[in-house]
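All chains are named by letter (A, B, ...) in the order of the sequence lines, taking the proteins before the strands, and each is independently numbered beginning at 1.
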Amino acid sequence: MLRKLHKYANPNKFSLIIMPIKNVCLYTALPLIAIGLIIGLFFSPPDYQQGETVRIMYIHVSSAWISLFAYVLIFLLSVFYLIWKFPLFVLMAKEIPFVAIIFTLITLITGSLWGKPTWGTYWVWDARLTSFLILLFIYLGLIFIDKAFKYNVNGDLSFSYLSIIGAINIPIIKFSVDWWNTLHQPASVIRASGPSINIEMLIPLMIMSTGVLLLFFYLIFTNIQSAIAEKKILFLSSKD
Amino acid sequence: MVLKNKKLKRFSFLLAVFLSIALATFFVLKALDEKIVFFYTPSKLFEKEEDKMQYIRVGGLVKEKSINFSDDGLKVNFMITDNKNTVNVMFEGILPDLFRENQGVVAEGRFNKEKKIFMAEKVLAKHDENYMPPEIHKALEEEK
């Protein structure tokens with residue numbers, strides 16, 4: 001069964017396949033983000049404790065989820081690459097950190113702007129905030145290691161192993177709020193006893209997150225296509 | 001068959017790499033446990049033996065009817081409770097908006113063991129994982 005999928009491992013074919021998918025992602029993402037933002041910022045209710053500041057959540061939480069999801073994707077692609085050795089896997093994985101680091105930055109910045117009015121401080125060194133900052137540095141490390149080895153297979157191996165080492169941070173981020181006492185609140189949506197967030201706030205959050213996820217896919221697909229094109233040019237110019 | 005074995009080998013190698021890193025991280029975090037917690041509960045604070053005036057954080061709920069402002073309104077005195085032990089807190093400065101009775105707070109400062117007073121230099125508010133519109137909260141309160 002896996003053999004049937006092999007033909008898609010051809011970068012040229014893959015590049016053509018993702019072309020329409022990419023566009024569908026973009027043209028679904030933009031209206032979803034617009035609707036999510038309009039409902040979130042204007043029509044969703046304020047919170048009983050935080051009041052209007054709660055609206056930062058629609059951006060903060062959705063980009064935080066993408067930052068974590070992106071890492072899981074890098075991790076899986078790296079594992080697949082190291083097992084099956086298809087260069088396409090690592091080529092895709094390498095295009096993710098640059099997009100993901102932007103979502104990580106958005107999360108940290110909106111979080112700190114949210115922290116000031118609710119907690120009374122922009123930043124504290126609690127387990128959740130610190131582990132999320134480490135995620136930012138891991139993404140930076142992945143970007144640098146990719147740049148350092150730009151046209152070398154060794155770079156693929158180093159990148160994959162580094163991403164596997166860094167993956168240990170992901171469960172730490174997720175469960176930091178349960179394992180240690182933190183200033184950051186425990187999970188409101190993805191938790192064992194169901195969401196503890198009112199449905200009127202959950203709906204815009206979900207619309208927004210779906211939109212941001214599709215936008216993320218659009219961005220990495222675009223990057224992957226240009227990376228494939230770049231590889232092709234390099235290969236052709238090395239032939240002369 | 002040979003191919004399959006190769007992939008299995010690579011997989012087990014990766015698994016070994018990942019598990020050893022996970023184990024190492026686990027021990028590091030376990031060893032640092034005391035340092036990673038952002039604040040101590042009042043019970044933990046009393047357990048601690050050190051009598052040095054260490055800069056630490058205490059967290060818990062603001063006890064009901066324990067908030068007293070000084071006459072000039074600058075100093076405030078309140079109690080933090082974890083429903084087992086309570087600690088008396090003195091603070092001079094600006095309180096966060098979320099500061100109120102039964103609200104989670106974290107106070108940063110030094111604990112005076114003889115006087116049993118926590119001299120806070122900073123007070124942070126904590127909010128929990130519940131999000132709801134004010135009307136629903138009101139309805140829930142009335143039901144009680």
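For Phe38(B) against Asp126(A), the heavy-atom pair with the smallest separation is CD1-CB, 3.5 Å. Between Ala187(A) and Glu129(B), the closest heavy-atom pair is O-CB, 3.6 Å.
Residues of residues 52-72 of chain A that come within less than 4.5 angstrom of chain B, heavy atom to heavy atom, are Val54(A), Met57(A) in numerical order. Residues of residues 80-90 of chain B never come within less than 4.5 angstrom of chain A, heavy atom to heavy atom.
In this structure, the separation between CH2 on Trp119(A) and CG on Asp97(B) is 15.0 Å, given to the nearest 0.5 Å. Interatomic distance, Trp179(A) CH2 to Ile36(B) CD1, rounded to the nearest 0.5 Å: 10.0 Å. Here Asp128(B) contributes atom CG and Gln49(A) contributes atom CD; the two are 5.5 Å apart, rounded to the nearest 0.5 Å. To the nearest 0.5 Å, atom CZ of residue Arg10(B) and atom CD1 of residue Ile83(A) are 8.5 Å apart. With values rounded to the nearest 0.5 angstrom, Trp84(A) atom CH2 is found 14.0 Å from Lys6(B) atom NZ. Going from atom CD1 of Ile21(B) over to atom CD1 of Ile165(A) covers 4.5 Å, rounded to the nearest 0.5 Å.
Note on Ile164(A), Leu82(A), Thr130(A): by heavy-atom pairs under 4.5 Å with chain B, the leading option is Leu82(A). In terms of heavy-atom pairs under 4.5 Å with chain B, the best-connected choice from Ile168(A), Ile172(A), Val177(A) is Ile168(A). Ranked by heavy-atom pairs under 4.5 Å with chain B, the list Lys116(A), His184(A), Arg191(A), Gln50(A) is led by Gln50(A). For the options Pro186(A), Ala127(A), Pro195(A), Gly120(A), heavy-atom pairs under 4.5 Å to chain B are most numerous at Pro186(A). Note: Asn130(B) leads Thr25(B), Ile136(B), Asn130(B) in heavy-atom pairs under 4.5 Å with chain A. Per-residue heavy-atom pair counts under 4.5 Å with chain B were compared for Val124(A), Thr121(A), Leu183(A), and the maximum is reached by Leu183(A).
Asn181(A) places a side-chain N or O within donor-acceptor distance of the main-chain N or O of Phe39(B), the cut-off being under 3.5 Å. Checked by atom type and distance alone, the side chain of Asn198(A) never pairs as donor or acceptor with a backbone atom of Pro133(B) at under 3.5 Å.
Contact of Val37(B) with chain A is made through backbone and side chain together, with heavy-atom distances under 4.5 Å. At a 4.5 Å heavy-atom cutoff, the contact between Leu14(B) and chain A is made by side-chain atoms alone. Residue Lys138(B) does not touch chain A at all, counting heavy-atom pairs closer than 4.5 Å. Proximity to chain A is limited to the side chain of Gln103(B), based on heavy atoms less than 4.5 angstrom apart. For chain A, the nearby part of Arg100(B) is the side chain; its heavy atoms alone come within less than 4.5 Å. Heavy-atom distances place the side chain of Pro96(B), and not its backbone, under 4.5 Å from chain A.
Counting heavy-atom neighbours within 6.0 Å of Phe18(B) CZ, excluding the residue itself, gives a total above 12. With a 6.0 Å radius and a threshold of 12 heavy atoms from other residues, nucleotides or ligands, Ile94(B) has its CD1 atom at or below the threshold. Heavy-atom neighbours of Lys85(A) NZ from other residues, nucleotides or ligands within 6.0 Å: above the threshold of 12. At most 12 non-hydrogen atoms from other residues, nucleotides or ligands lie less than 6.0 angstrom from NZ of Lys63(B).
For the pair Tyr131(B) and Ser188(A), the minimum side-chain heavy-atom distance is below 4.5 Å. With contacts defined as side-chain heavy-atom distances shorter than 4.5 Å, the pair Thr118(A)/His127(B) qualifies. Under the 4.5 Å side-chain criterion, counting only non-hydrogen atoms from C-beta, Glu200(A) is not in contact with Met132(B).
A distance of 6.0 Å or more separates the ring centres of Phe80(A) and Phe11(B).
Ring-plane geometry between Tyr161(A) and Phe13(B) is classed as perpendicular, the angle between the planes exceeding 60 degrees on a 0 to 90 degree scale with a lower cut at 30.
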